[in-house]
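Worksheet: one structure, shown below.
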Amino acid sequence: MNETLDTGLKSWVETANDPLTDFPIQNLPFGIFRRLGTRDAGRIGVAIGDQILDLAAADGGEPQSSLNTLMARGSEYSSALRMKISSWLRFGSKDRDRLAAALTPMEDCKMLLPVQIGDYTDFYASAFHATNVGRLFRPDNPLLPNYKYVPIAYHGRASSVVVSDTPVTWPSGQTNLSADQAPQFGPSQRVDYEVELGFYIGTGNALGAPVQMADAGNRIFGFSLVNDWSARDIQAWEYQPLGPFLGKSFATSVSPWVVTTEALSGFRRAANARAEGDPKPLAYLSDAHDQQHGGLDIVLEVWIETDAMRQTGAKPVRLSRGNFRDMYWTVAQMVAHHTSNGCNLRTGDLIASGTVSGEAPDARGCLLELTRGGAEPIQLPAGETRRFLQDGDEIILRARCERDGAVPIGFGECRGRVTSKPW
């Protein structure tokens, strides 16, 4: 931790001092924005209150349309850059008059995909989620024996990762819900969301050179929200024996702001303690520092807004509230395992945690869990119910870090509306 996280810091951007903002001066997340009414490819921006600081305009450099070049320079460079930006934006800064022209209200901007993503991997790091889902299909043996030894993941589709507010086209596919009938092709009847935490690789590793646990955290540039949209009926028919495919690849939504690893350092905690009798992680997944500081205290919420709610002016309804501290595997363990066979990660790779679920019923991070596979529908205002999503439903993900002795920070929102209408 350094002075950029000093709780006494205030900004001359007044909205950054609001205790409810996601973007105080202690946060300073990076993203790519375009001013409304322009056609440029995008520019690196830094969120401060309800404003965006144009980094190129502030620093005199050339605009960049992705964060990849910045990310590739490593943690020391990004830390020094945050320090510079923090000094610019602090109350009493001599740069205030110069930088005022480099600020644009967020409401006057469109956010773009922040990173050029080469590869996307989705883990399955919540034992609560894995157990809840497993119990639907294997009541007597919900958690398979490999789960507590090996971080499970699948290779997702990078080309269909989209930024928040991008419409999600309703997926069609092959399903077979009855053993007495032949499979059929058509629109999914069980579209679902999954609330996840994603992180972007800043500096990768060479092919054949695994990343060790002690170095894994240094490879991560920052974090964002991820909605791993899922067509459960398509997924159920296709996933054996090779795993997720078309039931997942139609869209994955990410939030536009990338909260740096450094900004989250004040919200680290011990990794989730394993239950008595659980196996200890194998040596390549074991690190004393990670056990003491590898957990992240991040509250993640899921909200829904239906067409009927929009028409009546009703506010979105919260579906769940979980915490990333409940994950079975840490982000360092995910990186170390991912590279343990010599696999090379590259700048801009996106890794997602898998559904963030907790022990409490209202901490379950997808409808498959919340409704027990559709058997127990959720009650919504005006008499609506949901087993799975319906056409026009919008899912809103939010996340926030709070603890005594620290200034709260947030991630902004990750929104997506599923629709059968053309884009």
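The residues of the chain are indexed from 1 along the displayed sequence.
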Approximate separation, where rounding is to 0.5 Å, of [X] [atom1] and [Y] [atom2]:
X: Asn344; Y: Asp119; atom1: CG; atom2: CG; answer: 8.5 Å
X: Lys10; Y: Leu89; atom1: NZ; atom2: CG; answer: 14.5 Å
X: Trp170; Y: Thr419; atom1: CH2; atom2: OG1; answer: 9.5 Å
X: Arg364; Y: Glu359; atom1: CZ; atom2: CD; answer: 9.5 Å
X: Leu70; Y: Thr260; atom1: CG; atom2: OG1; answer: 10.5 Å
X: Glu196; Y: Ile351; atom1: CD; atom2: CD1; answer: 12.5 Å

- Task: With Phe223 as reference, evaluate Phe199, Trp257, Tyr200 under the ring-ring contact (aromatic ring centres under 6.0 Å, His included) test and give the passing residue.
- Result: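 The passing option is Phe199.
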- Task: Could you tell me whether Arg400 and Asp22 make a salt bridge, using a distance below 4.0 angstrom between a side-chain N and a carboxylate O?
- Result: yes
For a 4.5 angstrom cut-off between non-hydrogen side-chain atoms, does [X] reach [Y]?
X: Leu380; Y: Arg386; answer: yes
X: Glu384; Y: Met309; answer: yes
X: Leu36; Y: Lys110; answer: yes
X: Pro24; Y: Ile409; answer: yes
X: Thr355; Y: Glu369; answer: yes
X: Ile85; Y: Leu55; answer: yes
X: Glu394; Y: Pro316; answer: no
X: Arg157; Y: Lys248; answer: no

- Message: The criterion is salt bridge (charged side-chain N to carboxylate O under 4.0 Å, His left out); which residues satisfy it with Arg135, sequence neighbours excluded?
- Response: none
For the side chain of [X] and the backbone of [Y], is there at least one donor-acceptor N/O pair under 3.5 Å apart?
X: Ser230; Y: Asp228; answer: yes
X: Ser353; Y: Leu197; answer: yes
X: Arg417; Y: Pro167; answer: no
X: Thr166; Y: Val163; answer: yes

What pairs with [X] under ring pair (Phe, Tyr, Trp, His ring centres under 6.0 Å), at least two apart in sequence or on another chain?
X: Phe267; value: none
X: Tyr193; value: none
X: Tyr328; value: Tyr147

Between the side chains of [X] and [Y], does any donor sit under 3.5 Å from an acceptor?
X: Gln189; Y: Thr175; value: no
X: Asn68; Y: Thr347; value: no
X: Arg90; Y: Ser86; value: yes
X: Ser420; Y: Asp391; value: yes
X: Glu305; Y: Trp303; value: no
X: Asp307; Y: Gln390; value: no

- Message: Parallel, tilted or perpendicular: which one describes the rings of Phe221 and Phe30, with boundaries at 30° and 60°?
- Response: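 Geometry flag for Phe30 against Phe221: tilted rings.
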For residues 289-297, tabulate all N or O donor-acceptor pairs below 3.5 Å that involve a side-chain atom, not counting sequence neighbours.
from	atom 1	to	atom 2	distance (Å)
Asp290	OD2	Thr330	OG1	2.8
Asp297	OD1	Asn323	ND2	2.8

- Would Asn272 and Met327 satisfy side-chain contact (heavy atoms from CB on, under 4.5 Å), going step by step from the backbone distance to the final call? CA-CA 7 Å; Asn272 190 18; Met327 303 301 276; over 6 Å; no
- Step-by-step side-chain contact (heavy atoms from CB on, under 4.5 Å) determination, Leu5 to Ser265: CA-CA 9 Å; Leu5 303 176; Ser265 59; 3.0 Å; yes
Quick one: side chains of residues 44-53, donor-acceptor pairs under 3.5 Å with protein atoms, not counting sequence neighbours, listed by atom name and distance.
from	atom 1	to	atom 2	distance (Å)
Asp50	OD1	Thr15	OG1	2.8

